[in-house]
Amino acid sequence: MDGSALPEVRSTCPYCGVGCGVLLRANGQGGLDVRGDPDHPTNRGRLCSKGTALGETVGREGRLLAPRINGVTVDWESALDTVASRFSQTIAEHGPDSVAFYVSGQLLTEDYYVANKLMKGFIGSANIDTNSRLCMASTVAGHRRAFGSDTVPGTYEDLEQADLIVLVGSNLAWCHPVLSQRIQAARAQRPEMKLVVVDPRRTASCDGADMHLQLRNGADVALFNALLAEIDRTGAHDPEFLTHVEGAGAAFAAARSTDTSVTGLSPEQIRAFTDLWINTKRVVTVFSQGVNQSTSGSDKVNAILNCHLASGRIGQPGMGPFSVTGQPNAMGGREVGGLANMLACHLELENAVHRQVVQDYWQAPAMPSAPGLKAVKMFSAVGAGNIKALWIIHTNPAVSMPDADAVTAAIKSCDFTVVSDITGATDTARLCDVQLPATAWAEKSGTVTNSDRTISRQRAALPAPGQARPDWQILAEVGRRMGWSDAFTYASPADIFDEYAKLSDLAAAQGRDFDISGLSGLTPDGYDRLEPTRWPVSKTRQGGRFFADGQFYTPSGKAQMLALQHRAPAAKSGPRFPFRLNTGRVRDQWHSMTRTGKSPRLSAHLAEPFLEIHPQDAAKQGFNPADLISVRSTQGSAILRVLITDAVLPGEVFAPIHWTNETAPSARIDALIPSFTDPVSGQPESKAAVVALSKFRPGWHGFAVSLNQMQPATDYWALSRTTSGWRTELASSDAPEDWAAYARTLIGGAETIEQSLCDPARGTYRFAFYREGLLVGAFFAAPDTLALSRDHLADLPGTDGNAVLSGRPAVGQPDPGPIVCACYSVGRNTILTAIKDHGLSSVDAIGTALSAGTNCGSCRSELADLLPDLILPVVAA
Ligand SMILES: Nc1nc2c(c(=O)[nH]1)N[C@H]1C(S)=C(S)[C@@H](COP(=O)(O)OP(=O)(O)OC[C@H]3O[C@@H](n4cnc5c(=O)[nH]c(N)nc54)[C@H](O)[C@@H]3O)O[C@H]1N2
Ligand SMILES: Nc1nc2c(c(=O)[nH]1)N[C@H]1C(S)=C(S)[C@@H](COP(=O)(O)OP(=O)(O)OC[C@H]3O[C@@H](n4cnc5c(=O)[nH]c(N)nc54)[C@H](O)[C@@H]3O)O[C@H]1N2
Ligand code: SF4
Ligand SMILES: [Mo]
């Protein structure tokens with residue numbers, strides 16, 4: 001089939017909550033050509049690295065293509081009957097609260113709606129919670145406390161219209177890149193627009209920022225209390241708007257009594273920030289996981305909202321608090337009642353009238369009146385044997401939940417577990433009795449809502465592989481088999497969306513904000529053609545902002561300011577665990593990497609997990625660049641490559657969250673995180689464990705490249721995709737008896753011709769394996785970290801592999817590598833070597849040493865990107 005003949009399909013990127021429009025064209029070989037949709041209001045054609053590489057992630061490789069029970073392939077009938085009967089049986093024997101669903105902010109709204117209806121309306125339990133508990137729950141709680149509803153007041157345009165943007169606990173440049181690009185473009189036009197970053201770590205988002213407040217982990221309430229006190233002291237509050245607000249007096253008093261020294265910032269730094277904020281009317285405060293994922297997460301959110309309410313800076317162009325959502329449908333999940341304490345359309349489970357509205361509408365037999373178990377408690381209940389049947393959909397809790405080893409054990413011990421996923425190989429799927437194959441984003445159809453309340457369509461561009469089915473259909477089939485045919489007979493996602501839109505009309509009649517009644521009654525064709533639409537969409541309202549009119553959704557109709565006090569993170573550091581472990585994301589990987597990990601391009605950015613530590617701490621601990629470090633906490637342990645950088649504060653370390661048993665088993669970060677939660681939101685404190693560090697001293701270090709997927713079994717390994725196949729870092733205490741045999745097995749080199757360069761006296765071993773004149777793979781081992789041109793080696797399998805055993809390009813002189821700084825012609829290898837040899841740890845230090853980045857400056861962010869490459873023991877030897 002000639003791909004170019006196929007029409008382009010308009011859809012939405014399945015990664016972050018920015019919600020960019022994409023145009024997809026099947027290339028006729030199972031792949032997709034992807035470009036940004038120039039007509040989507042969110043991105044106007046822009047895409048980030050992850051969106052651009054979507055086409056590399058849709059292959060069949062690794063997909064789950066048929067249902068399986070206990071590892072045996074079965075047909076859908078048997079699988080669905082088994083799931084329905086085991087759930088029904090468990091409910092009959094132990095009651096509805098003995099079962100649970102754990103779902104995801106990556107589900108489409110229609111999937112989410114059906115899951116929620118099945119559990120809350122028909123099974124009659126509220127034990128459905130979602131990974132959004134790990135993500136947005138504190139924001140939801142904060143919004144509801146202040147506004148009476150989970151309403152995001154502003155729109156993306158505010159980010160362009162603001163005169164000051166404050167990023168709090170948000171690495172927007174890496175995690176919401178297209179929004180970051182929109183801000184950069186606005187700043188290029190209006191250079192007076194200021195950017196402040198509040199983050200204990202220097203991130204890519206700090207490039208070009210006017211101010212970086214490197215506060216102590218967890219100290220955000222103290223900082224925003226300082227701002228609130230200053231708003232009060234300087235008379236910067238808005239007396240007119242405060243007539244729509246309750247609790248201001250107590251909030252000001254609490255703010256005045258806050259000890260700001262806990263922030264670790266100087267009074268001058270705090271003053272500079274509060275002056276700038278107070279003197280700029282158009283301020284947008286963007287916040288994300290540095291705020292939410294904390295035992296004081298809800299308070300952090302309300303501390304920010306307090307400042308916007310007190311100054312009346314809300315709901316007007318260029319002003320307001322702005323929670324950026326993580327997952328593509330984190331917002332849709334909140335709207336559809338995905339959390340254990342919510343109902344669809346922002347109706348509340350604990351409100352008897354709301355419950356009745358939903359029960360009548362669904363003609364549901366039983367509705368729970370109390371909230372269900374939130375994620376952390378849900379998995380404790382699974383571990384304790386109180387939840388006896390568990391269905392996990394579109395999320396990988398064995399990787400992403402705090403105390404991940406305990407969660408793994410809990411899933412293993414549960415009587416009956418079901419997983420719906422696109423692959424059966426995840427750390428979670430491997431534990432489950434039943435594996436159900438779901439269609440992936442490019443194969444399914446529905447809607448998602450992004451951070452600014454814009455509902456966009458996802459549309460299928462590829463056929464479902466094997467027997468994979470959409471998540472909503474699998475859920476509805478189980479609902480019907482459990483005896484509720486009428487309630488779960490849907491012809492299409494359009495059918496579900498229509499039911500949902502009609503319910504929102506009833507919710508609006510209850511005075512709720514979420515109203516998409518204007519989208520009810522769409523024909524299938526109308527649903528198909530639905531343009532990106534910002535809610536509310538009703539007869540009286542269309543899109544726009546909330547709260548400029550001072551009307552809130554609380555019982556009194558007034559917003560609530562809260563009196564807040566700083567609380568330190570729950571885990572206490574001390575002599576046993578002296579370091580605070582911050583965690584987060586890298587630019588080119590998505591969570592547990594089941595999709596982005598397939599892309600060679602994305603995998604080349606940071607091919608190995610790492611631990612950032614301040615140079616002073618590294619010196620004290622005796623760590624050298626590229627050492628492997630053992631990390632221990634009360635809950636578990638890890639081994640990570642050290643990256644020495646002053647991007648983190650002394651006493652704090654940072655590690656990315658993406659690696660799993662599939663890619664680097666010793667780097668499962670959530671195995672280290674205790675499950676302390678915010679008392680209001682139930683959101684875990686994922687960024688503030690305490691840990692101890694020591695050097696991991698393996699007997700040997702290794703590196704290998706291969707055409708084949710390698711399966712290392714060493715103490716430490718990290719596997720990554722390359723254009724030609726795979727690369728892996730290795731380290732182990734035990735040396736193999738026969739190095740050649742070990743290397744051959746690892747790279748899958750049966751029946752190959754071997755070349756070697758070994759010096760057993762020095763403990764160095766190098767092997768290359770050829771078949772029909774082409775390199776299949778190569779293996780390098782030495783007692784110390786290996787100095788190799790890894791990126792060069794990664795490209796060699798499949799070629800003649802000339803001079804592969806030298807470990808570097810076969811040129812006489814050191815290769816400067818691709819030019820990064822065009823003004824002074826400084827190449828990537830030169831920069832990386834200087835970083836390594838001179839211990840450079842900042843963009844400025846590179847500039848002093850090599851002049852790179854000191855003229856036009858446009859390569860500065862690329863230079864910053866090279867700094868993390870220190871984690872790889874990369875040098876031109
Ligand atoms: N590339 C990429 N993008 C993604 C994702 C991904 O996996 N990869 N995931 C998506 C999802 S689901 C989400 S939720 C978002 C998350 O987006 P972000 O929240 O921007 O991402 P994180 O890296 O988790 O954390 C942000 C920052 O919080 C800081 N931080 C830690 N503790 C504190 C603190 O106490 N106070 C303050 N002020 N800051 C602190 C960290 O240093 C970190 O830089 O990203 C979305 N986008
Ligand atoms: N320490 C620490 N832990 C964290 C965080 C942190 O910052 N620090 N961040 C937290 C946050 S904000 C989040 S959002 C979570 C994310 O954590 P998870 O949700 O656990 O991570 P994902 O890898 O996105 O898992 C999605 C799963 O769905 C599968 N999948 C993909 N497409 C489909 C589909 O169409 N249907 C179905 N049924 N399955 C599909 C994927 O293969 C994958 O297994 O991690 C949380 N954990
Ligand atoms: S910014 Fe987010 S939604 Fe847009 S292309 Fe990148 S990952 Fe996709
Ligand atoms: Mo998230």
Side-chain angles (χ1 to χ4, degrees), residues 14-18 48-50 62 64 103-108 111 130-136 167-177 197-205 213 215-220 223 286-294 296 300 324-328 330 392-402 404 419-423 425-429 436-441 443-444 468 470-471 474 569 580-596 602 648 652 654-658 660 669-670 672-673 683-684 686-689:
Y15 297 125
C16 82
V18 174
C48 74
S49 49
K50 291 183 297 300
L64 179 63
V103 302
S104 167
Q106 296 169 62
L107 283 174
L108 302 179
D111 302 329
T130 143
N131 64 0
S132 286
R133 185 69 61 193
L134 319 178
C135 182
M136 309 307 312
L167 299 180
V168 192
S170 154
N171 184 5
L172 207 73
W174 278 12
C175 295
H176 299 88
V197 179
V198 180
D199 194 310
R201 195 170 60 109
R202 192 178 65 244
T203 65
S205 303
L213 296 176
L215 85 177
R216 283 278 163 202
N217 194 309
D220 304 80
L223 178 66
V286 174
F287 55 96
S288 184
Q289 297 317 333
V291 167
N292 291 330
Q293 287 172 340
S294 157
S296 51
K300 289 183 180 190
V324 279
T325 51
Q327 301 175 91
I392 297 166
I393 308 177
H394 208 328
T395 176
N396 195 355
V399 179
S400 57
M401 284 283 296
V419 67
S420 303
D421 205 298
I422 58 169
T423 157
T426 71
D427 292 3
T428 301
L436 302 176
T439 45
W441 72 279
E443 304 140 13
K444 64 194 228 181
D471 286 300
I474 302 172
R580 178 131 346 247
L581 173 65
N582 180 4
T583 66
R585 291 153 170 79
V586 301
R587 193 188 70 196
D588 286 355
Q589 293 296 348
W590 178 262
H591 300 161
S592 65
M593 289 195 200
T594 62
R595 289 171 288 168
T596 45
L602 297 179
V648 291
E652 297 193 5
F654 173 85
I657 59 173
H658 305 286
T660 67
I669 293 307
D670 273 293
L672 295 163
I673 312 286
Q683 178 154 356
S686 308
K687 289 180 165 21

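Each ligand, and each atom within it, is numbered from 1 in the order the structure gives. Any value given below was found using the heavy atoms of this structure, including those in side chains, with hydrogens, waters and symmetry copies removed.
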Novice: Select all protein residues for which some heavy-atom-to-ligand 1 distance is less than 4.0 Å, and list them by chain and number.
Specialist: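 Protein residues near ligand 1 are Cys16, Lys50, Cys135, Val168, Gly169, Ser170, Asn171, Trp174, Cys175, His176, Val198, Asp199, Pro200, Arg201, Thr203, Leu215, Asn217, Gly218, Asp220, Ser288, Gln289, Gly290, Lys300, Gly326, Gln327, Asn582, Gly584, Arg585, Val586, Arg587, Gln589, Trp590, His591, His658, Lys687.
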Novice: Do the non-hydrogen side-chain atoms of Lys444 and Asp111 ever get within less than 4.5 Å of each other?
Specialist: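 Side-chain contact under 4.5 Å: yes.
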Novice: Test side chain to side chain contact (heavy atoms under 4.5 Å, CB included) on Leu134 and Ser400; report intermediate values, then the result.
Specialist: CA-CA 8 Å; Leu134 319 178; Ser400 57; 4.2 Å; yes
Novice: Under 4.0 Å from a heavy atom of Ala438: give me the atoms of ligand 2 that qualify, with their elements.
Specialist: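 The atoms of ligand 2 under 4.0 Å from a heavy atom of Ala438 are 36 (N), 37 (C), 38 (N).
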Novice: Check His591, His658, Gln589 against Thr596 for a side chain to side chain contact (heavy atoms under 4.5 Å, CB included) and give me the one that passes.
Specialist: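 Exactly one option meets the side chain to side chain contact (heavy atoms under 4.5 Å, CB included) with Thr596, and it is Gln589.
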Novice: Any chance you could lay out the side chain to side chain contact (heavy atoms under 4.5 Å, CB included) test for Arg201 and Asn582, step after step, and finish with the verdict?
Specialist: CA-CA 9 Å; Arg201 195 170 60 109; Asn582 180 4; 4.1 Å; yes
Novice: Classify the contact between Lys444 and ligand 2 as side chain, backbone, both or neither, using a heavy-atom distance cut-off of under 4.0 Å.
Specialist: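 The side chain, only.
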Novice: Using the side chain to side chain contact (heavy atoms under 4.5 Å, CB included) rule, take Trp590 and Arg595 through it: C-alpha gap first, then chi angles, then the decisive distance, then the call.
Specialist: CA-CA 7 Å; Trp590 178 262; Arg595 289 171 288 168; 3.5 Å; yes
Novice: Judged by modelled atom types alone, do Asn131 and Gln327 share a side-chain donor-acceptor pair under 3.5 Å?
Specialist: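 Side-chain D/A pair, Asn131 to Gln327: present.
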Novice: Tell me which part of Asp670 gets within contact of ligand 2: side chain, backbone, both or neither, using heavy atoms under 4.0 Å.
Specialist: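 Within the 4.0 Å criterion, Asp670 contacts ligand 2 through side-chain atoms alone.
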Novice: Hey, is ligand 2 close enough to Arg595 that some N/O pair sits below 3.5 Å?
Specialist: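 There is no such contact.
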Novice: Tell me the contacting part of Asp421 for ligand 2: side chain, backbone, both, or neither, using a 4.0 Å heavy-atom threshold, strictly below.
Specialist: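 The answer is both, backbone and side chain.
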Novice: Which of the numbered atoms in ligand 2 are under 4.0 angstrom from any heavy atom belonging to Thr426?
Specialist: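 Going through ligand 2 atom by atom, the ones under 4.0 Å from Thr426 are 44 (O).
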Novice: For Thr423, take its heavy atoms, then give the atoms of ligand 2 lying under 4.0 Å from any of them.
Specialist: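 Atoms satisfying the 4.0 Å criterion: 42 (O).
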Novice: Of the options Asp220, Leu223, Val168, Asn292, which is the one that meets Lys300 in a side chain to side chain contact (heavy atoms under 4.5 Å, CB included)?
Specialist: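 One option only clears the test, and that one is Asp220.
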Novice: If I compare all heavy atoms of Ser170 with all of Ser205, which pair ends up nearest, and what's the gap?
Specialist: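 Here Ser170 and Ser205 meet closest at O-OG, 4.1 Å.
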Novice: Check whether any side-chain heavy atom of Ile393 sits under 4.5 Å from a side-chain heavy atom of Asp471, and report yes or no.
Specialist: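 They are in contact (side-chain heavy atoms under 4.5 Å apart), so the answer is yes.
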Novice: Any heavy-atom pair between the side chains of Glu652 and Arg216 that's under 4.5 Å?
Specialist: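 Sidechains of Glu652 and Arg216: in contact.
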Novice: Using a 4.0 Å cut-off to any heavy atom of Ser420, which atoms of ligand 2 qualify?
Specialist: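 What qualifies from ligand 2 is 37 (C), 38 (N), 39 (N).
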